[in-house]
2 protein chains.
Amino acid sequence: MARPREFDEQQVIEKLMNVFWEKGYEATSMKDLVAASGLLKGSLYGAFGDKHAQYLAALRHYDRTRIQAGIDMLRGEGTPRQKIARLFDHVIDSTKKGIFAGGCLLCNASLEVAAMDREVKTEVKTTIRRLKAAIIEALQPAVPNEEQAGSLASFIVSAYFGTRILAKGGAPAAMIGATRDHCLRLIP
Amino acid sequence: MARPREFDEQQVIEKLMNVFWEKGYEATSMKDLVAASGLLKGSLYGAFGDKHAQYLAALRHYDRTRIQAGIDMLRGEGTPRQKIARLFDHVIDSTKKGIFAGGCLLCNASLEVAAMDREVKTEVKTTIRRLKAAIIEALQPAVPNEEQAGSLASFIVSAYFGTRILAKGGAPAAMIGATRDHCLRLIP
DNA sequence: TGAATTATTGACTAAATGGTCATAAACTGA
DNA sequence: TCAGTTTATGACCATTTAGTCAATAATTCA
């Protein structure tokens with residue numbers, strides 16, 4: 001019908017996401033996004049809208065890829081306790097590697113942007129609900145009661161998010177390990 | 001010896017802190033700080049240095065006032081379990097009030113700034129260490145073993161920080177209540 | 001009083017910000 | 001081939017940014 005796109009949208013969104021992930025929303029400039037995407041400003045705006053729309057697209061991409069990967073991990077092999085353990089081990093691993101400073105984009109968005117931004121808040125709430133549901137599912141064999149599982153899942157999400165703050169603030173990995181161990185104790 | 005300051009430094013720092021607390025570091029402009037402080041730009045720079053120095057001063061002020069208030073709460077009356085409960089109840093209360101959107105400045109700094117800023121990271125680490133030490137102290141009657149108390153305190157800090165993310169992301173207060181209840185279960 | 005010192009004031013700046021737009025280019029179907 | 005449609009390009013813009021500075025004012029000590 002017309003001139004085709006010269007880039008792969010998903011690949012570009014991945015690059016945009018990485019910038020927001022590492023630098024945060026406010027600290028990211030259009031110049032950064034232009035540089036990372038390889039596109040020119042006009043194309044970026046044409047394809048993804050303004051900075052705010054690009055951020056939302058990045059959040060949704062994070063949900064579809066990274067959060068989904070976590071959910072897949074929760075659906076893998078093992079006992080409920082082993083499944084939850086994997087969640088925390090992933091944080092410990094990335095702390096030890098210590099190269100990528102982004103932490104968890106969902107947590108970053110929640111603290112930096114969500115409180116002042118309705119659309120971001122909605123996106124964050126949706127993703128947290130999805131994550132929590134997957135945890136409830138993972139707990140099912142050990143905690144068949146739905147209400148109990150929901151309550152325990154809320155707690156696990158809190159503790160998990162807390163480790164992301166500690167990790168990014170430079171706390172020792174032992175604090176994260178301790179959190180993990182105490183969490184696992186509450187799973188029957 | 002010379003012309004005296006026309007303002008109270010502590011009062012001004014309190015106002016600067018409130019801006020950073022509510023808006024975050026990057027989203028706060030010098031214009032905001034000038035407006036909130038009531039001073040003019042030159043005076044602000046003269047008294048507190050540049051934006052970054054003002055942020056550090058705000059963080060230290062937060063430690064001296066709000067974190068200290070938390071520590072005082074932990075040193076008050078009651079069993080260890082009651083003391084820790086107060087920490088979470090405070091989060092639940094401010095969620096229910098729902099007026100001030102700042103959450104916890106320490107958490108905000110940890111996620112938004114610490115990873116990319118050595119000085120902020122140092123400040124954050126120091127404050128977290130102070131908070132953790134107070135929790136260990138509060139746990140002492142129930143967990144006299146120092147290593148066990150340290151491990152449990154790490155976990156409590158994580159869970160507590162996690163609730164601050166949930167609260168700011170718009171999660172229901174029930175999730176925070178659930179976190180609180182599960183945490184308390186791990187205190188003998 | 002007057003020298004010395006520090007604080008206040010607000011105009012000023014250079015750079016960066018997010019965002020737009022007219023033009024040229026690439027593609028499709030008729 | 002050519003009209004119609006979408007994309008790419010980069011120059012352009014108003015605004016905002018953090019930060020400076022020279023002039024003036026207020027204070028103290030001698």
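So that the names make sense, note that chain A is the first sequence line, chain B the second, and so on, each numbered from 1. Just so it is clear, the values below take in all heavy atoms, side chains as well, and ignore hydrogens, waters and symmetry mates.
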With respect to the side chain of D50(A), which nucleotide from dT6(D), dT7(D), dG19(C) is positioned closest? dG19(C)
Quick one: label S29(A) by what it contacts on the DNA or RNA (base, sugar-phosphate, nothing), any heavy atom closer than 4.0 Å. sugar-phosphate
Nearest-Å distance for atom pair CG/P, residues L33(B) and dT17(D): 11 Å
Measure CG/L44(B) against C1'/dG10(C) and give the value in whole Å, please. 14 Å
Atom CZ of R5(A) and atom C1' of dA25(C): how far apart are they, to the nearest Å? 16 Å
In whole angstrom, give the distance that lies between atom CZ of F48(B) and atom P of dT6(C). 17 Å
Of G42(A) and T28(A), the one whose nearest nucleotide on DNA chain C sits closer to the 5' end is T28(A)
Ring-face cation of K51(A) near Y25(A) (centre distance under 6.0 Å, axis angle within 45°): yes
Protein-nucleotide distance (K23(A), atom NZ; dA16(C), atom P), rounded to Å: 13 Å
N/O donor-acceptor pair, side chain K41(A) with base dG18(C), under 3.5 angstrom: yes
For dA7(C), take OP1 and OP2 only and decide whether either is under 4.0 Å from a side-chain N or O of S43(B). no
With a 6.0 Å cut-off on ring centres, are F155(B) and F155(A) close enough? yes
Where the side chain of M30(B) is defined as all heavy atoms beyond and including C-beta, which of dA26(D), dT17(D), dA18(D) is the nearest nucleotide? dA18(D)
Would you mind telling me which residue lines up with the more 5' stretch of DNA chain D, D32(B) or E6(B), judged by nearest nucleotide? D32(B)
Should the pair K23(B)-E26(B) be classified as a salt bridge under the 4.0 Å nitrogen-to-oxygen rule? no
Which of dG19(C), dT7(D), dG10(C) is nearest the side chain of L40(B)? It is dG10(C)
By the 4.0 Å heavy-atom rule, please label G46(B) as base, sugar-phosphate, or nothing. nothing
Taking the side chain from N108(A) and the backbone from G102(A), do they hold a donor-acceptor pair closer than 3.5 Å? yes
Length of the line joining F7(A):CZ and dT7(D):C1', which is rounded to integer Å: 8 Å
Per atom distances to the Y45(B) side chain, the nearest of dT7(D), dT5(C), dT20(D) is dT20(D)
Let's see if you can work this out: which of dA26(D), dG19(C), dA18(D) has an atom nearest to the side-chain heavy atoms of K51(A)? dG19(C)
Is R66(B) salt-bridged to E14(B), cutoff N-O under 4.0 Å? yes
Gap between atoms CG and P, on L39(A) and dT9(D) respectively (whole Å): 8 Å
Would the base of dA25(D) count as contacting R3(B) through its side chain, where contact means a donor and an acceptor less than 3.5 Å apart? yes
